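Working notes, beginning with the structure itself.
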Amino acid sequence: MSIELQIQQLREQLNRHNYNYYVLDDPSVPDAEYDRLFQQLKLLESDNPTLITPDSPTQRVGGKPLSSFSQITHELPMLSLDNAFNAEDMSEFNRRIIDRLKTNESEIEYACEPKLDGIAVSLLYEDGVLVRGATRGDGSVGEDITLNVRTISTIPLKLSDKGYPKRLEVRGEIYMPKAGFETLNKRALAQGEKAFVNPRNAAAGSLRQLDPKVTASRPLEMCSYSVGVVEGGTVADKHGDILRQLKRWGFKLNPLLEEVSGVEGCLSYYERVTSLRDTLPYEIDGVVFKVNDLALQKQLGFVSRAPRWAIAHKFPAQEEITLVKAIEFQVGRTGAVTPVARLEPVFVGGVTVSNATLHNMDEVARLDVRAGDSVIIRRAGDVIPQVVSVVLERRPKDTVSVEMLSHCPVCDSKVERLEDEAVSRCTGGLYCAAQRKEALKHYASRKAMDIDGLGDKLIEMLVDLDLLRDPAGLYQLKVEQLAKLERMGPKSAENLVNAISISKKTLLPRFIYALGIREVGEATARALAMHFADLESIMKATEEELLEVSDVGPIVAKHITSFFSQAHNLDVISALIHDAGVHWERIEQTDVTELLLAGKTWVLTGKLELMGRSDAKNHLLSLGAKVAGSVSAKTDCVVAGPGAGAKLKKAAELNIPTMDENQFIAFLQEQGIEI
Ligand code: 5U1
């Protein structure tokens with residue numbers, strides 16, 4: 001076989017494997033085989049340099065760094081999208097279309113896609129070969145980023161299949177998947193470099209590199225969403241069909257593409273994608289609706305720079321700017337003195353945010369955040385609001401940097417920072433009212449002693465009035481005392497005393513967790529209870545003995561022995577058990593690895609109407625399972641109640657067994673668990 005033919009065949013094979021891997025998500029050969037073919041091609045090309053062509057898979061990264069990007073005038077302007085923020089905006093958009101088309105059709109067909117949060121680009125193909133890549137720029141003139149886009153594996157250097165126009169411009173979004181972003185930032189921080197603020201900035205920064213080798217090292221992908229110039233051939237006459245054509249020609253297509261009917265169809269698509277949002281491997285900031293029929297699109301035309309036939313239905317913003325009114329310090333249960341930014345209230349990620357934790361002084365220094373600064377606040381999904389960065393150009397002249405306090409703002413005890421810790425702590429212990437309040441809140445909380453009706457505000461009031469000093473004091477509270485409190489009548493006082501009394505009958509893991517030992521969360525408390533079977537043994541255990549427990553490392557072991565060596569903790573435990581009568585059933589000592597569900601990962605989703613999440617989780621943990629928050633290939637079973645959405649869907653996609661609540665209860669009963 002001639003060298004030319006060998007090279008051609010290798011290129012065809014590699015392009016096919018690339019397509020299966022990146023576009024179809026269905027690798028056809030192991031990575032090692034791909035690498036072997038790639039090396040063979042590289043060798044043949046280096047022996048025969050005259051046969052190298054720019055569309056060869058070996059030519060993704062090449063050439064020297066540029067000194068600047070040259071400008072490119074788009075042959076057809078790259079339009080932007082109008083936004084809709086609610087159902088009313090969507091109805092108006094639909095109404096405008098129907099009115100303008102003067103159509104008898106009551107329902108327009110729309111193509112729907114997620115709106116990826118990335119950078120819009122244009123790619124030009126001539127005779128099927130990528131000849132130019134450009135940023136959107138201002139829509140008329142962008143920058144030439146050909147060398148950089150060539151490094152992105154999901155962008156074909158040569159189109160596959162047949163029937164593509166002689167000149168074809170493909171437009172789409174280049175983005176950085178969430179996982180790649182996390183890895184990139186971890187690497188940057190480990191090397192003492194600055195982390196990127198979000199995946200969009202990381203994608204933009206990675207594309208704007210004069211050295212394509214840097215771009216090549218970044219985890220970028222591209223998803224196509226439309227065509228621009230089409231010459232010497234045609235494309236389909238429906239938007240959805242064009243995207244499927246692009247997939248055949250080698251582009252990654254978003255799997256959530258759908259065609260729906262009318263505004264109701266659009267709103268239902270919006271709801272479905274909203275519920276999937278957190279599980280998607282990339283960031284999206286809304287969904288895009290386009291009139292599917294190209295003839296209708298042409299009739300509708302565009303106003304200024306946005307088409308009348310398309311709209312982006314945006315999610316509530318996840319990032320907003322607001323003002324830091326003050327930076328204060330909060331004292332937690334374990335004495336940690338945490339800086340908190342008090343903010344001008346701002347609506348972000350669907351809620352109003354007025355405070356954001358700054359975690360510790362290292363974080364304050366990293367952000368260099370000060371009172372008076374304008375900051376970017378981010379709240380994504382259920383994650384607590386974060387201060388992402390300071391908008392330095394808006395910093396007023398007279399700001400001063402934040403210093404850690406030398407004394408506790410609540411009890412005035414000294415504040416200390418141990419050498420190997422990021423946090424500073426108040427040394428006041430239970431003398432400090434703030435620590436007492438937090439310890440009591442933790443003791444009463446749902447996963448601990450679960451005292452119904454004993455909320456945070458009430459605990460604060462009881463401590464401030466000196467009616468309560470420690471958990472044992474709860475069991476001394478009288479109806480008459482409580483009934484006199486603000487917003488408390490005799491009935492609610494009686495209910496509260498009852499709830500406190502009910503909490504006396506508990507479970508050993510809950511009690512250990514309720515004690516609030518540093519670093520002892522629910523799982524560790526359970527592991528301790530199963531390993532030692534009774535409280536006395538845990539209290540007596542040495543650090544070496546504690547290290548035998550699956551969940552306990554040297555630091556946790558130290559915290560546990562230190563907790564039980566303090567006289568006031570022993571006094572409280574004794575008062576709880578001997579005076580108040582807190583008790584639990586004896587449990588059998590268990591080797592966790594022998595439990596039925598040891599090493600298995602379960603996920604709970606939807607509403608569990610008969611037993612509630614917390615109990616369901618506890619039962620699973622008692623059988624040795626890990627209970628995870630999201631479904632992945634590592635999940636062994638999903639328990640789904642009514643209202644389950646994305647997680648159940650993902651379980652079905654991954655072929656993971658599922659149970660409804662009744663089946664789950666039957667399963668637990670088979671294991672001898674009483675419900
Ligand atoms: N999914 C999608 N994103 N996006 C962005 N479609 C889409 N269409 C766009 C833009 C700017 O513009 C159309 C006008 C082609």
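What you see is a predicted model; the values in this text were computed from it and never measured. Just so you know, ligand 1 is whichever comes first in the structure, and atom 1 is the first atom listed for that ligand. Computed from heavy atoms alone, side chains included, the values below leave out hydrogens, waters and symmetry copies.
On a distance-only criterion, Lys115 and ligand 1 share no N/O pair closer than 3.5 Å. Taking only nitrogen or oxygen atoms, main chain and side chain alike, Pro114 reaches within less than 3.5 Å of ligand 1.
Looking at every heavy atom in both residues, Pro156 comes nearest to Thr154 through CD-O, 3.6 Å. The minimum heavy-atom distance linking Ile321 with Val346 is given by the pair O-CG2, 3.9 Å.
In this structure, atom 13 (C) of ligand 1 lies nearest to the protein heavy atom Leu81 CD2, 4.0 Å. In terms of protein heavy atoms, atom 14 (C) of ligand 1 is closest to Pro307 CG, 3.6 Å. Of the protein's non-hydrogen atoms, the one nearest atom 15 (C) of ligand 1 is Ser226 OG, 3.7 Å. The single protein non-hydrogen atom nearest to atom 1 (N) of ligand 1 is Glu113 OE1, 2.9 Å, given as residue, atom name and distance.
Only one option out of Arg11, Glu45, Gln59 pairs with Thr53 in a side-chain hydrogen bond (donor to acceptor under 3.5 Å, both in side chains); it is Arg11. Screening Arg96, Arg95, Lys102 for a side-chain hydrogen bond (donor to acceptor under 3.5 Å, both in side chains) involving Asp99 leaves a single residue, Arg95.
Residue contacts with ligand 1, taken as heavy atom pairs separated by less than 4.0 Å, do not involve Arg171 at all. Proximity of Ala310 to ligand 1, defined as any heavy-atom pair under 4.0 Å, is not found for any part of the residue. When heavy-atom distances to ligand 1 are checked against a 4.0 Å cut-off, Cys223 has no atom that comes that close, whether in backbone or side chain.
Less than 6.0 angstrom separates the ring centroid of Tyr125 from the ring centroid of Phe251.
Of the candidates Phe289, Tyr225, Phe302, it is Tyr225 that places a heavy atom closest to atom 4 (N) of ligand 1.
Near Lys290, with a cut-off below 4.0 Å to any heavy atom, the atoms of ligand 1 are 6 (N), 7 (C), 8 (N).
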- Please lay out, stage by stage, how Phe289 and Tyr270 fare under the test ring pair (Phe, Tyr, Trp, His ring centres under 6.0 Å). CA-CA 10 Å; Phe289 300 110; Tyr270 177 84; 7.6 Å; no
